[in-house]
Amino acid sequence: MGKYENLKEMQPYVIQLLTNSLRKNRLSHAYLFYGNKGTGKLDCAFLLAQMFLCGQKTNEGHPCGQCINCTRIYSGNHPDVHVVMPDGTSIKTEQMQFLQKEYAYSGMESDKKVFIIKDCDMMTVQAANRMLKTIEEPLPGMLTIFTTNRKSAVLSTIQSRTQQVSFRENSRHQLLNFLTTEGISMHLAKVIVNMTTDLNEALQFGQDPSFADSYAVVLKLYETLETNKMMAFIWLHTEWLTHFGTKDRDKNIFGLSLFSVLLKSILLKKLGYADDLQIEEIANINLMIYRETELFAILDEIQLVQNKIRQNFNIQITLERFMLYLQEV
């Protein structure tokens, strides 16, 4: 869950809308938060729960972030905040039956309750109809928040009975500021914003202690190609496979994605694009190992290699062939 100021920077319209509604006592009984993956919808749902239940809000309507309600919502264990997520490939009728029962009871610690349904487009038709009946006749003090990456897949009847709030795509500059305020170094934050604009994914990368080590391995690969291409095959066994392993497909695919990000930054630099979010190492490495056309070809090859690994090709053999390819380009 994001902090108030970070979310305000990432989604200023949304935060202002919710704050004004709360201050003017015009909060809707049900919201539909929609937008692309990683735009902070679930974070804002929890923030709204804090704003709704906080007993020490500021004059501007901000949650204090320190009271027992705020801290328990933040840690995910408030008795009056209920979260439903897909169980496998869908949100099932049984999950909605549980919520319906909870709707019938008053809050354990106040007369308020919050219900958050994540990825509501994944409700089965039966589950959605049960939810529809619940929000058609809202009880006082009950707040329901739906989130979705696919608004078009949400039942029109649910859309019509909720206040819809659009979440815009994060800019890389906003994401960079968010990551650095979360304590992630500017050096790594620039790498991350060149990989993803997904807020949650970016934060996950930044908080993963192995991310910096993985990036260091990728840099070492380029340095090896820079100094002696013929050593790349040996380096694969002594460095890459030692770090990413010979069995973990996801880790190897991730490493190749990091390498792709590095090569894309090099390509943009060679093409003359000025970018203040460019990976910092670009200023100090040799850009002349590969021509622009060769970099385009390598980036295509990386996608092919990743697909082979996904399709259960032998990881070690696939990467050995990729190293031979890099030597011959």
Side-chain angles (χ1 to χ4, degrees), residues 36-39 169-180 184-206 208 210-227 229 232 235-236 239-240 243-244 249-310 315 318-319 321-329:
N36 289 341
K37 180 176 179 289
T39 49
E169 193 75 30
N170 303 315
S171 76
R172 291 196 300 155
H173 282 93
Q174 288 175 320
L175 194 56
L176 184 75
N177 291 337
F178 173 79
L179 293 173
T180 52
I184 298 164
S185 70
M186 179 66 73
H187 167 242
L188 286 182
K190 284 187 175 181
V191 178
I192 293 169
V193 300
N194 279 283
M195 286 194 71
T196 182
T197 56
D198 182 322
L199 175 66
N200 296 321
E201 186 176 49
L203 189 58
Q204 182 182 348
F205 289 158
D208 183 349
S210 69
F211 183 88
D213 294 335
S214 296
Y215 182 55
V217 170
V218 167
L219 283 174
K220 189 67 180 294
L221 170 58
Y222 192 84
E223 291 169 4
T224 301
L225 293 169
E226 178 182 343
T227 54
K229 283 187 179 182
W235 177 90
L236 169 71
E239 299 279 348
W240 183 285
H243 178 76
F244 293 110
R249 297 185 183 279
D250 290 338
K251 284 184 68 174
N252 278 278
I253 289 169
F254 176 74
L256 289 165
S257 294
L258 268 175
F259 189 46
S260 179
V261 166
L262 178 64
L263 294 182
K264 286 176 183 176
S265 293
I266 292 170
L267 178 60
L268 290 173
K269 180 74 172 179
K270 289 174 70 70
L271 293 173
Y273 288 96
D275 186 354
D276 58 348
L277 295 181
Q278 197 165 63
I279 294 173
E280 293 177 358
E281 283 78 12
I282 300 302
N284 300 314
I285 64 178
N286 182 3
L287 305 180
M288 306 309 294
I289 300 176
Y290 298 110
R291 297 188 297 272
E292 289 91 335
T293 54
E294 291 170 337
L295 286 169
F296 278 117
I298 294 171
L299 289 169
D300 287 340
E301 187 67 21
I302 288 174
Q303 290 187 354
L304 292 175
V305 172
Q306 288 177 315
N307 286 335
K308 286 181 179 179
I309 293 175
R310 290 189 187 98
I315 294 173
T318 302
L319 290 174
R321 289 173 178 171
F322 179 54
M323 290 301 136
L324 293 174
Y325 172 84
L326 290 175
Q327 291 173 353
E328 295 169 358
V329 175

With rounding to the nearest 0.5 angstrom, report the [atom1] to [atom2] distance, [X] to [Y].
X: Lys264; Y: Ile279; atom1: NZ; atom2: CD1; answer: 10.5 Å
X: Leu304; Y: Leu299; atom1: CG; atom2: CG; answer: 11.5 Å
X: Gln306; Y: Glu301; atom1: CD; atom2: CD; answer: 11.0 Å
X: Leu219; Y: Thr224; atom1: CG; atom2: OG1; answer: 10.5 Å
X: Ile285; Y: Glu223; atom1: CD1; atom2: CD; answer: 8.0 Å
X: Leu295; Y: Leu268; atom1: CG; atom2: CG; answer: 10.0 Å

Without swapping roles, check the side chain of [X] against the backbone of [Y] for a donor-acceptor pair under 3.5 Å.
X: Ser257; Y: Ile253; answer: yes
X: Asp208; Y: Gln204; answer: no
X: Lys190; Y: Glu280; answer: no
X: Tyr222; Y: Asn286; answer: yes
X: Lys229; Y: Val329; answer: yes
X: Ser260; Y: Leu256; answer: no

Write down the atom of [X], the atom of [Y], and the distance for their closest heavy-atom approach.
X: His243; Y: Ser214; result: NE2-OG, 2.8 Å
X: Thr196; Y: Glu201; result: OG1-OE1, 2.7 Å
X: Val218; Y: Gly255; result: CG2-O, 3.6 Å
X: Thr197; Y: Leu175; result: CA-CD2, 3.6 Å
X: Thr180; Y: Ala189; result: CG2-CB, 4.2 Å
X: Leu225; Y: Ile289; result: C-CD1, 4.0 Å

Would you call the rings of Phe244 and Trp240 parallel, tilted or perpendicular if under 30° counts as parallel and over 60° as perpendicular?
->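 Because their plane-to-plane angle lies in the 30° to 60° range, the rings of Phe244 and Trp240 count as tilted.
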Mutual orientation of the aromatic rings belonging to Phe205 and Phe254 [parallel < 30°, tilted 30-60°, perpendicular > 60°] =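 Ring orientation, 0 to 90° scale: tilted.
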Verify side chain to side chain contact (heavy atoms under 4.5 Å, CB included) between Leu258 and Val191, making sure each step is shown before the conclusion.
-> CA-CA 8 Å; Leu258 268 175; Val191 178; 3.9 Å; yes
Flag the pair [X] / [Y] as yes when at least one side-chain heavy-atom distance between them is below 4.5 Å, and no otherwise.
X: Leu176; Y: Met186; answer: yes
X: Ile184; Y: Leu203; answer: yes
X: Ile302; Y: Ile298; answer: yes
X: Lys220; Y: Val217; answer: no

Test log, rule side chain to side chain contact (heavy atoms under 4.5 Å, CB included), inputs Leu287 and Ile282 = CA-CA 8 Å; Leu287 305 180; Ile282 300 302; 4.1 Å; yes
Answer yes or no: does atom [atom1] of [X] have more than 12 heavy-atom neighbours from other residues, nucleotides or ligands under 6.0 Å?
X: Arg321; atom1: CZ; answer: no
X: Lys270; atom1: NZ; answer: yes
X: Arg310; atom1: CZ; answer: yes

Given the rule in the side chain to side chain contact (heavy atoms under 4.5 Å, CB included) test, do Met195 and Tyr215 qualify, once you have shown the distances and angles that lead to the verdict?
-> CA-CA 12 Å; Met195 286 194 71; Tyr215 182 55; over 6 Å; no
Dump the intermediate steps for side chain to side chain contact (heavy atoms under 4.5 Å, CB included) on Leu262 and Asn194, then the final yes or no.
-> CA-CA 9 Å; Leu262 178 64; Asn194 279 283; over 6 Å; no
